[in-house]
*Asks:* 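Let me begin by handing over the structure; questions about it come next.
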Amino acid sequence: MTPKTKNKKIFAIKGTKDILPQEARKWQKVESVAKRIFEVYGYREIRTPIFEATELFEKGTGQTTDIVIKEMYTFTDKGGRSLTLRPEYTPSVVRAIIENRLYLQPQPQRFYFMGPMFRYDKPQKGRYRQFHQIDIEVFGEKDPAIDAEIVEMAARLFKELNVVDVEILVNSVGCRNCRPPYLEELRRKAGEYIGQLCADCQRKVVTNPLRIFDCKVELCNEISRSFPNIIDYLCPECEEHFSRFCSCLDLYGIKYTVEPRLVRGLDYYTKTAFEFVSSKLGAQDAVLGGGRYDDMMKAFGGPEICGIGFAMGLERFISVVPFEEKKEDFLYLAHMGDRAKKAGMELARFLRQKGIECLIEYKERSLKNQISRANKLGAKWVLIVGEEEVKKGRYQLKNMATGLQEEITKEEMPSILLA
RNA sequence: GUGAGCGUAGCUCAACAGGUUAGAGCACCGGACUGUGGAUCCGGAGGUCGGGGGUUCGAGACCCCUCGCUCACCCCA
């Protein structure tokens, strides 16, 4: 380090943050529960690279989306290739499936994935530049029952982690046959009120009329209530799909709200769209969002295989999961004198082999000091190893909660400590 | 990218109207107590007041710039 840079502190990049041990515990918990549930539904983990060819997202996510237009971490590598840190996961999975010819295996295929995503957004509550998602995708199943299955699976995950105050919103965004005429009609209708809409919405009439529905300006909101709903414009196939989807949800006893104003931001969605929203999250209230994308695989030059999936924002999810504080359960090994220290090190090794979490102090400290530290660290047990104990082969085991102490041998330790 | 609010010790916050050497609680380290924790008492360490410039006899405070954080918009997980 040169003298000049010595004092300059380096901080985590804007929109990124460290997940410290206490917080990481929560992540581990959520990840393990999610994994267990997904596996039970027949999903298998798939891992793909963290960066891809920029083109993958331009084509897969859609050139008209904000993600591609202004939010991608794109850079050129030393070979002159344009690469992008993945802003979402679905295009990568689709790519992997085509590349590895996974579509030749029996369908449907179910995948899950967990990992970081990157979007160059301005950070705010529940939104980070590096954030994490748990994603699941199913390929090759057209039946709307699968749409309901993944909603039910997500609901189970929420329930197992005691997440309440979550509302499930569902909608159908139609397909390439029925959506264009609907959008036309929406534009026409919005055009009638153009003068009364806010500047943003006037722009949306042209760019993305569906977005007018979630404008926060009251007048826009009021006006848009009279606009046609996509539900009423669905083609027979989409309508059938949607009603069967809903009746499957009913069968599972899932409570949901049909929200005709629900539009997912990505270009590739068709038919089913859904979102889990929490009232506890502030402005960014969507914890989980997903839907069907029947045309994507084909658009990538793959076979005509439909897909459906969801993405859950882990930062957002974890912030609404209630966690019990986990009690520490470890043994602190206190020692006095050089011989005892060596004996203690061997004992610690023995205990760890047996699966007992064990801390040993390497600095010479008074017994009092060591026990005090053990207390602060939350040790459940203190094992006292002094010259006398080493000589006798019998050690003092102190229970920190009760303060009681007993004399035990090395052989007796595992059964007592693991009880 | 646009807008608003906030930056004083590891954390939470003080410091009148601009006035000496920027304080307190919690946390940390040590001692009282050399083989027994939590309580108490005593002591210690810890700060370029986010950074730079300006006004002033004098700036943590006032002005300008900048950086960072937070929240909101756009949009999304």
Side-chain angles (χ1 to χ4, degrees), chain A residues 6-17 20 61-62 64-72 86-90 114-135 154 198-201 203-204 207-208 210-211 214-217 263-266 275-278 281-290 309-320 332 334-337 340 363-389 395-405:
Chain A
K6 184 171 67 179
N7 295 325
K8 199 173 171 188
K9 282 188 195 155
I10 298 174
F11 299 95
I13 301 301
K14 184 198 273 281
T16 70
K17 61 176 185 180
L20 304 177
T61 305
T64 64
T65 59
D66 275 30
I67 290 180
V68 170
I69 293 167
K70 54 181 198 186
E71 294 174 3
M72 294 209 299
R86 62 181 177 217
E88 60 147 352
Y89 197 59
T90 308
M114 332 184 153
M117 305 288 160
F118 306 84
R119 289 184 201 168
Y120 193 86
D121 241 334
K122 190 144 178 184
Q124 68 185 68
K125 189 179 175 69
R127 181 157 67 202
Y128 308 96
R129 289 185 171 178
Q130 174 175 335
F131 63 103
H132 297 76
Q133 288 187 336
I134 296 185
D135 279 59
C198 74
D200 264 348
C201 286
R203 187 173 46 78
K204 289 176 191 170
T207 57
N208 192 348
L210 289 168
R211 284 264 156 233
D214 46 31
C215 181
K216 279 157 183 120
V217 177
V263 282
R264 313 241 62 253
L266 305 175
E275 213 165 75
F276 285 37
V277 298
S278 167
L281 279 176
Q284 313 303 323
D285 64 351
V287 190
L288 180 150
F310 65 66
M312 185 170 87
L314 263 178
E315 282 82 358
R316 293 181 190 178
F317 186 62
I318 283 169
S319 75
V320 297
Y332 183 101
H335 54 82
M336 280 90 57
K363 220 159 140 191
E364 290 298 332
R365 293 176 185 271
S366 67
L367 178 61
K368 177 187 180 62
N369 196 304
Q370 292 185 74
I371 291 181
S372 170
R373 282 173 60 78
N375 181 55
K376 266 172 213 155
L377 296 170
K380 190 173 178 187
W381 306 96
V382 172
L383 187 69
I384 300 169
V385 181
E387 300 287 343
E388 242 173 85
E389 283 83 357
Y395 309 88
Q396 294 291 323
L397 179 68
K398 185 184 181 79
N399 178 322
M400 292 298 282
T402 63
L404 298 177
Q405 226 166 281

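Protein chains get the first letters and strands the later ones, always in sequence-line order, with residue 1 at the start of each.
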*Asks:* Could you tell me whether A:Tyr128 contacts a base, only the sugar-phosphate backbone, or nothing, with contacts defined as non-hydrogen atoms closer than 4.0 Å?
*Replies:* base

*Asks:* Please report the distance separating the C1' of B:G46 from the corresponding atom of B:U8, rounded so that it comes out in whole Å.
*Replies:* 14 Å

*Asks:* OP1 or OP2 of B:G68 sitting under 4.0 Å from any side-chain N/O of A:Lys17?
*Replies:* no

*Asks:* Please determine, for the side chain of A:Asp66, which listed nucleotide (B:C75, B:A77, B:U36) has the closest atom?
*Replies:* B:C75

*Asks:* Considering every strand shown, what is the Watson-Crick or G-U wobble mate of B:U36 when both distances are under 3.5 Å?
*Replies:* none

*Asks:* What distance, rounded to whole Å, do you find between the two C1' atoms, one in B:G54 and one in B:A61?
*Replies:* 15 Å

*Asks:* Does B:G60 have a Watson-Crick or wobble partner in any strand here, with both distances under 3.5 angstrom, and which is it?
*Replies:* none

*Asks:* Which one is paired to B:G47, where only Watson-Crick or G-U wobble pairs with both distances under 3.5 angstrom count?
*Replies:* none

*Asks:* Could you work out the separation of B:C57 and B:C11 based on their C1' atoms and round it to a whole Å?
*Replies:* 38 Å

*Asks:* For A:Pro123 and A:Lys14, work out which heavy atoms get closest and say how close.
*Replies:* CG-CG, 3.9 Å

*Asks:* Base, sugar-phosphate alone, or nothing: which one does A:Ile384 contact when heavy atoms must sit under 4.0 Å apart?
*Replies:* base

*Asks:* For atom P, what is the distance between B:C49 and B:G7, given to the nearest Å?
*Replies:* 15 Å

*Asks:* Please determine, for the side chain of A:Arg365, which listed nucleotide (B:C71, B:C75, B:C29) has the closest atom?
*Replies:* B:C29

*Asks:* Please tell me if A:Arg373 has a side-chain N or O lying less than 4.0 Å from either OP1 or OP2 of B:C29.
*Replies:* yes

*Asks:* What is the base-pairing partner of B:U55, counting Watson-Crick and G-U wobble geometry with both distances under 3.5 Å?
*Replies:* none

*Asks:* Within this structure, what is the CD1-to-P distance between A:Ile371 and B:G35, rounded to whole angstrom?
*Replies:* 11 Å

*Asks:* So do the side chains of A:Met117 and A:Gln133 get within less than 4.5 Å of each other, counting heavy atoms only?
*Replies:* yes

*Asks:* Need one value for A:Ser366: base, sugar-phosphate or nothing, where a base atom within 4.0 Å counts as base even if backbone is also close, heavy atoms only.
*Replies:* nothing

*Asks:* How do A:Ala311 and A:Tyr120 order along RNA chain B: which one's closest nucleotide is nearer the 5' end?
*Replies:* A:Tyr120

*Asks:* Report yes if a side-chain nitrogen or oxygen of A:Gln396 is closer than 4.0 Å to either non-bridging phosphate oxygen (OP1 or OP2) of B:G35; otherwise report no.
*Replies:* no

*Asks:* Is A:Gln124 near enough to B:A72 that one of its side-chain N or O atoms lies under 4.0 angstrom from OP1 or OP2?
*Replies:* yes

*Asks:* Would a 4.5 Å heavy-atom cut-off, applied to side chains only, mark A:Gln370 and A:Tyr332 as touching?
*Replies:* yes

*Asks:* Is the shortest side-chain heavy-atom distance between A:Thr61 and A:Glu88 below 4.5 Å?
*Replies:* yes

*Asks:* Quickly work out the A:Lys398 NZ to B:G38 P distance and round it to whole Å.
*Replies:* 10 Å

*Asks:* Counting just side-chain N and O atoms, does A:Lys14 come under 4.0 Å of either OP1 or OP2 of B:C69?
*Replies:* yes

*Asks:* Quantified in whole Å, what is the P atom distance between nucleotide B:U66 and nucleotide B:A72?
*Replies:* 25 Å

*Asks:* When we call it a touch if two heavy atoms are under 4.0 Å apart, what does A:Lys122 touch: a base, just sugar-phosphate, or nothing?
*Replies:* base

*Asks:* With centres under 5.5 Å and planes under 30° as the test, does A:Phe11 stack with B:G68?
*Replies:* no

*Asks:* Base, sugar-phosphate alone, or nothing: which one does A:Val287 contact when heavy atoms must sit under 4.0 Å apart?
*Replies:* sugar-phosphate

*Asks:* Rounding to the closest angstrom, what is the interatomic distance between B:G10 and B:G31 at atom C1'?
*Replies:* 23 Å

*Asks:* Check whether any side-chain nitrogen or oxygen of A:Asn369 sits under 4.0 Å from OP1 or OP2 of B:G37, and answer yes or no.
*Replies:* no

*Asks:* Just how far, in rounded Å, is C1' of B:G1 from CD1 of A:Ile69?
*Replies:* 13 Å

*Asks:* Below the 4.0 Å mark, does B:G37 have OP1 or OP2 next to a side-chain nitrogen or oxygen of A:Lys368?
*Replies:* yes

*Asks:* Which base, if any, makes a Watson-Crick or G-U wobble pair with B:C75, both distances under 3.5 Å?
*Replies:* none

*Asks:* How close or far is atom C1' of B:A72 from atom NZ of A:Lys125, stated in whole angstroms?
*Replies:* 12 Å

*Asks:* What does B:A22 pair with, Watson-Crick or G-U, if both distances are under 3.5 Å?
*Replies:* none

*Asks:* Specify the residue among A:Glu315 and A:Asn399 whose closest nucleotide of RNA chain B lies further upstream toward the 5′ end.
*Replies:* A:Asn399

*Asks:* Using a heavy-atom cut-off of under 4.0 Å over every strand shown, decide if A:Asn375 touches base, sugar-phosphate, or nothing.
*Replies:* base

*Asks:* Indicate yes or no: at least one non-hydrogen side-chain atom of A:Glu387 is less than 4.5 angstrom from one of A:Met336.
*Replies:* no

*Asks:* Rounded to whole angstrom, note down the P distance from B:A22 over to B:G37.
*Replies:* 39 Å

*Asks:* Within the distance-only criterion (no hydrogens, no angle test), does the side chain of A:Arg119 pair as donor or acceptor with the backbone N or O of A:Glu71 below 3.5 angstrom?
*Replies:* no

*Asks:* Taking the side chain as everything from C-beta on, heavy atoms only, tell me whether A:Thr16 gets closer than 4.5 Å to A:Tyr128.
*Replies:* no

*Asks:* Taking B:U20 as the reference, what is the distance to B:G38 when you measure between their P atoms (whole Å, please)?
*Replies:* 40 Å

*Asks:* Taking a pair as Watson-Crick or G-U wobble with both distances under 3.5 Å, which nucleotide is matched to B:C6?
*Replies:* B:G68

*Asks:* Could you state the atom-to-atom distance from NZ of A:Lys376 to C1' of B:A39 in whole Å?
*Replies:* 13 Å

*Asks:* Between A:Ile384 and A:Gln405, does a side chain to side chain contact (heavy atoms under 4.5 Å, CB included) hold up when you go through it step by step?
*Replies:* CA-CA 10 Å; A:Ile384 300 169; A:Gln405 226 166 281; 4.2 Å; yes

*Asks:* Classify A:Glu389 by what it touches in the nucleic acid, base, sugar-phosphate, or nothing, heavy-atom distance under 4.0 Å.
*Replies:* base

